[in-house]
Amino acid sequence: MIFPAIDHVIKKGGRVAVVSPRIDVILELAPRLRKAFSKLDLVLLYGDTPEEYHYTKLVLATTHQLLKFSQAFDLLIIDEVDSFPFHGGWMLLFSH
């Protein structure tokens with residue numbers, strides 16, 4: 001369901017992040033996104049990720065990793081937006 005939206009933004013030259021508060025969710029999504037967008041470099045970011053950050057058009061990360069970015073994405077897809085750190089997350093007030 002989200003793949004057409006991701007594809008549209010990437011084809012227009014934009015940058016996309018798909019994030020979840022749960023590491024298991026992003027680890028499950030990573031192979032699917034890598035297969036669906038095999039011609040794109042994708043970086044996978046979470047607390048103990050073995051990957052080093054590098055600029056990519058497609059980022060898959062835990063929501064906490066977003067605190068390191070500001071206005072970096074043209075499309076941001078957030079899984080479980082009602083959970084921490086978004087819903088009532090006071091730290092977001094100071095993340096700019």
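Throughout, numbering of the chain's residues begins at 1 and tracks the sequence.
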Original post:
salt bridge (charged side-chain N to carboxylate O under 4.0 Å, His left out) with Glu51: which residues, sequence neighbours excluded?
Top reply: Arg34

Original post:
Side chain of Arg15, backbone of Leu75: donor and acceptor closer than 3.5 Å?
Top reply: no

Original post:
Leu44 and Thr49: which non-hydrogen atoms are nearest, and at how many Å?
Top reply: O-OG1, 2.8 Å

What side-chain donor-acceptor pairs closer than 3.5 Å can you find for residues 19-31, not counting sequence neighbours?
residue	atom	partner	partner atom	Å
Ser20	OG	Arg22	N	3.2
Ser20	OG	Asp79	OD2	3.2
Arg22	NE	Asp24	OD1	3.1
Arg22	NH1	Glu80	OE2	3.2
Arg22	NH2	Asp24	OD2	2.7
Glu28	OE2	Arg32	NH2	3.2

**OP:** List the steps, then state whether side chain to side chain contact (heavy atoms under 4.5 Å, CB included) holds for Ile10 with Lys12.
**Re:** CA-CA 5 Å; Ile10 297 293; Lys12 296 285 186 184; over 6 Å; no

Original post:
Are Val59 and Leu40 linked, directly or through other ILVMFWY residues, by side chains that come within less than 4.5 angstrom of each other?
Top reply: no

Original post:
Counting distance only, does the side-chain N/O of Lys57 pair as donor-acceptor with the main-chain N or O of Gly13 below 3.5 Å?
Top reply: yes

Original post:
Are Leu45 and Ile77 co-members of a hydrophobic cluster defined by side-chain heavy atoms under 4.5 Å apart?
Top reply: no

Original post:
What's the spacing between Thr63 OG1 and Ile78 CD1 if we round to 0.5 Å?
Top reply: 8.0 Å

Original post:
Who pairs with Tyr46 by ring-ring contact (aromatic ring centres under 6.0 Å, His included), at least two apart in sequence or on another chain?
Top reply: none

Original post:
Considering residues at least two apart in sequence or located in another chain, which fulfil the side-chain hydrogen bond (donor to acceptor under 3.5 Å, both in side chains) criterion with Asp74?
Top reply: none

**OP:** Indicate yes or no: at least one non-hydrogen side-chain atom of Leu42 is less than 4.5 angstrom from one of Leu60.
**Re:** yes

Original post:
Any side-chain heavy-atom pair from Ile6 and Leu58 closer than 4.5 angstrom?
Top reply: yes

**OP:** In sequence, state the C-alpha distance, the side-chain angles, and the governing distance for Phe73 and Leu66, and then conclude on side chain to side chain contact (heavy atoms under 4.5 Å, CB included).
**Re:** CA-CA 10 Å; Phe73 303 103; Leu66 286 182; 4.0 Å; yes

**OP:** Please name all residues satisfying side-chain hydrogen bond (donor to acceptor under 3.5 Å, both in side chains) with Lys11, sequence neighbours left out, ordered by chain then number.
**Re:** Asp7

**OP:** Sort and list the pairs that fulfil ring pair (Phe, Tyr, Trp, His ring centres under 6.0 Å) and have at least one residue in residues 20-42, not counting sequence neighbours.
**Re:** Phe3-Phe37

